[in-house]
Protein chains: 4
Amino acid sequence: MQPLEKAATKGQRTDEAFRAAARLVFARDGYLNAKISDIAAAAGRSVASFYNYYDTKADLLIALAEEFHAEATQLAALPYRAGLSGEEALREAVAGFWRTYARRRGELIGIFQAAMIEGRFRDRWLELRGEAITRIAGAVRAAQADGYCPGADPVMTASALSAMLEHFCYIWLGQGGEKDVPFDDERALDALCTIWVKAVYWRAEPL
Amino acid sequence: MQPLEKAATKGQRTDEAFRAAARLVFARDGYLNAKISDIAAAAGRSVASFYNYYDTKADLLIALAEEFHAEATQLAALPYRAGLSGEEALREAVAGFWRTYARRRGELIGIFQAAMIEGRFRDRWLELRGEAITRIAGAVRAAQADGYCPGADPVMTASALSAMLEHFCYIWLGQGGEKDVPFDDERALDALCTIWVKAVYWRAEPL
Amino acid sequence: MQPLEKAATKGQRTDEAFRAAARLVFARDGYLNAKISDIAAAAGRSVASFYNYYDTKADLLIALAEEFHAEATQLAALPYRAGLSGEEALREAVAGFWRTYARRRGELIGIFQAAMIEGRFRDRWLELRGEAITRIAGAVRAAQADGYCPGADPVMTASALSAMLEHFCYIWLGQGGEKDVPFDDERALDALCTIWVKAVYWRAEPL
Amino acid sequence: MQPLEKAATKGQRTDEAFRAAARLVFARDGYLNAKISDIAAAAGRSVASFYNYYDTKADLLIALAEEFHAEATQLAALPYRAGLSGEEALREAVAGFWRTYARRRGELIGIFQAAMIEGRFRDRWLELRGEAITRIAGAVRAAQADGYCPGADPVMTASALSAMLEHFCYIWLGQGGEKDVPFDDERALDALCTIWVKAVYWRAEPL
DNA sequence: TATGAATGAGATTTCATTCAT
DNA sequence: GATGAATGAAATCTCATTCAT
């Protein structure tokens, strides 16, 4: 009876076109090299039209980053809700993150580059990452309650693991990998998970 | 003995001034925000003079990066030559890297930012990092020969550990740390080393 | 009696909204800084709607200026019709002008700024002002017939007095006055009238 | 023996070229219509070169206005120093102002237009004009000490006379005069001076 | 009539790079 | 070697104006 809610207005479709175009261009040229005119061209719109939707390139990236963050966070939480064991859930969560980045290369590259250069964006990203670190640190404490990794500093450990996760994703999924090392999705993800698991689920040496 | 080395020519002194200025400006403003005119101003020379020594900002950074890489490599090798045990040597090597970056914040920031944006620099940096990964992978294989971390992919593991090392250094030494986490050199370095050690020196669970 | 006049059409109400909005925005931001979008926003209408009523910002201002001019002219004529003496009528006429500008700050600012920049508007304003000058010159000649201000060029004198009147109004009523001089409506108006009176009603020195 | 100090550097000559070009373009197109590119073209330099000397068009105008103000002020002071009588000196001072504006039409137009629109410039100009008003008010008080214009408010009177002076100059020297009134330098200046003199040098009516 | 949306056409501004001295 | 000065080539951003609905 009622027209489906989907009927996006013209403006919504244009906005979507700019987002899609930005993901494309960021993935192709990098965030810093991307010009507004490139994004507009990829979106099939005029440069002036861009400014009807975003004030700056950074604003558009922030919108994409929020979307991305929401998805990654949700995906990372799923395995825990599903009641998997700590180690199992961990592997799944890391894998979820990896796959999200793989699917959203534009955001991956945009976020990383912008976080390094644009003060405004960096602040927002530090906040989002702060949430992730808090969650990881919580998981470390939970493991410690079970007798694992005694004495480890949960927050610093979380910071280091998060740094590894992000940068490793950037190198392999964003930048095309290391020199002279063939790309292998499986092995890369497995190495990442194994390090993470071993870094948390170890016990003190028996005396 | 070799007094001649001291007598730096006018040109050498100017070159040195540009390098020092670049380190200062990169640390202060970031590599991407640094203008040639900023570096020249910090060096107390004219912009035109800059071009007598380097063709681009990237060239100057490459020179700095080579210096930096040589120092870090040498420092990382020392503990092994000193005959320390695997784990001990590892901690020392990581600490050496950390301290080198702490002392050379300009290079740290410059290298990281440029590796993300400038194709020319990125290629060179991937080569330098390739060496490090080869070395780390070698250490992993050595550990495997002693029965540690069976089944782990040495190169992927090295890539992930290297990613962690670099990015964690950048966050803490370059960018000022995580949101709402106080800086603590000791704890940061310790967390980093512990993860690394546990990621490599683990044995298969006894059945 | 004429109830029909009241029934403003939709279009008339919209037109009125644009005029009121323009007066507001000109007074607040100045004519040159006023964007069509600002006026439309203040009027609560769309920008596109603006073009149903006026072709340009200048056209809208011209409409306002005609209104303004008619009112000021009428007010200036009143005291003469009322049969006041020359000097008395003069003071009243100047006061009428002053008060009209005070009540219509938007027009004051708009007219002044536009007359300085927009050729199209300037031409129209020169015509309107020409009328005023003709009238003032006539008053000067009348005074001369009574033996006042012998030898004075009526038109040039009228031009100068008119310039004083307008600019003084603009400074005090439009721009907020001189630096470090407190606003005082009474004294300002009095100084203006006195100068005008003395400039016209003087007699040759007795030999 | 020593080379004459005149030998202007290349930069000084370029600066001078920009100033001259600005005066030309302001006089021709008005300040607000003048584009940086017009000024650069008139100066025979590139647009980029402009920015080596001034940050904005307003900055260049301020420089011109200061020059202008200094000259006008000095010229206005001369007749008083020369020991002329009050009325004589007054006519000379006004004439000096008139002639300065006549010679510097670019500044006249630039100053007037900018004072109306650009906040930054307006503030500076209000200051400069404040000086003039203080001086005129002083002259009014001096006249009052001799029994002239009793009861007149010196500052308001000065403000009104200054308004007349400036706007009359703008209309006749900047804008080309009133509609249908032939230009006549002599008569214009004479009307202006006469008004000024009569506005100040009048005595209370004998009872 | 009214309006959401789109855009052409400019103007400002920045900077790496060059060159004459 | 060193530098004051000049500039080409972009990229960003703004707005009046138009048009389809």
Side-chain angles (χ1 to χ4, degrees), chain A residues 9-15 17-18 32-40 43-58, chain B residues 9-15 17-18 32-41 43-59, chain C residues 9-15 17-18 32-41 43-59, chain D residues 9-15 17-18 32-40 43-58:
Chain A
T9 67
K10 202 178 174 198
Q12 285 168 331
R13 269 181 287 123
T14 299
D15 187 7
F18 278 123
L32 281 143
N33 290 325
K35 282 161 276 161
I36 307 267
S37 57
D38 296 332
I39 297 173
R45 315 286 157 140
S46 73
V47 169
S49 184
F50 177 90
Y51 289 95
N52 289 335
Y53 296 86
Y54 301 96
D55 282 342
T56 66
K57 197 171 60 163
Chain B
T9 66
K10 195 178 174 192
Q12 284 168 330
R13 268 181 289 122
T14 299
D15 186 8
F18 279 123
L32 280 144
N33 290 324
K35 284 169 277 172
I36 304 244
S37 58
D38 294 332
I39 296 172
R45 315 286 159 139
S46 73
V47 169
S49 182
F50 178 91
Y51 289 93
N52 288 333
Y53 296 86
Y54 303 96
D55 282 342
T56 68
K57 193 170 60 163
D59 284 311
Chain C
T9 66
K10 195 179 174 191
Q12 285 169 331
R13 269 181 289 121
T14 300
D15 185 8
F18 278 123
L32 281 143
N33 290 325
K35 284 170 276 174
I36 304 241
S37 58
D38 295 332
I39 297 172
R45 315 286 158 138
S46 73
V47 169
S49 182
F50 179 92
Y51 288 93
N52 288 333
Y53 296 86
Y54 302 97
D55 281 342
T56 67
K57 195 170 59 162
D59 284 312
Chain D
T9 68
K10 201 178 175 198
Q12 285 168 330
R13 270 181 285 122
T14 299
D15 187 8
F18 278 122
L32 281 142
N33 290 325
K35 282 161 275 160
I36 305 265
S37 56
D38 296 332
I39 297 173
R45 316 286 158 141
S46 73
V47 169
S49 184
F50 178 90
Y51 289 94
N52 289 336
Y53 296 86
Y54 302 96
D55 282 341
T56 67
K57 196 171 59 162

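In what follows, every chain begins at residue 1, and chains take the letters A, B, ... in the order their sequences are listed.
- Protein atom CZ of F18(B) is 11 Å distant from nucleotide atom C1' of dG1(F), rounded to whole Å.
- At least one side-chain nitrogen or oxygen of T9(A) sits closer than 4.0 Å to the OP1 or OP2 atom of dA5(E).
- Residues G44(D) and A34(C) each lie close to DNA chain F; by heavy-atom proximity, the contact nearer the 5' end of the strand is made by G44(D).
- Of the candidates dT12(F), dA16(E), dA2(F), dT12(F) carries the atom nearest the I36(A) side chain, counting heavy atoms from C-beta on.
- Side-chain contact check for Y53(B) versus D59(B): every heavy-atom pair is 4.5 Å or farther apart.
- For the atom pair CZ of F18(A) and CG of N52(A), the computed distance is 8.0 Å after rounding to the nearest 0.5 Å.
- Distance from the side chain of N52(B) is smallest for dG1(F) among the nucleotides dT3(E), dG1(F), dA5(E).
- Both K35(A) and S37(C) sit near DNA chain F, but only K35(A) has its closest nucleotide nearer the 5' end.
- Using a 4.0 Å heavy-atom criterion, one finds that Y53(D) contacts the sugar-phosphate atoms exclusively.
- Distance, D15(A) CG to dG4(E) C1': 14 Å, rounded to whole Å.
- Taking atom CZ of residue F50(A) and atom P of nucleotide dG8(E), one finds them 17 Å apart after rounding to whole Å.
- Using a 4.0 Å heavy-atom cutoff across all strands shown, D55(C) reaches sugar-phosphate atoms only and no base atom.
- The side chain of Y51(D) sits closest to dT12(E) out of dT12(E), dA2(F), dT17(F).
- Listed candidates were dT14(E), dT14(F), dA2(E). Nearest to the side chain of A48(D) is dT14(E).
- The side chain of R45(B) lies closest to dT3(F) when the candidates are dT7(F), dT3(F), dA5(F).
- In terms of position on DNA chain E, the residue among V47(A) and T14(C) whose nearest nucleotide sits closer to the 5' end is T14(C).
- Closest contact between the side chain of S46(B) and the listed nucleotides dA2(F), dT3(E), dG8(E) involves dA2(F).
- Look at CG on N33(D): it is 10 Å from P on dA11(E), rounded to the nearest Å.
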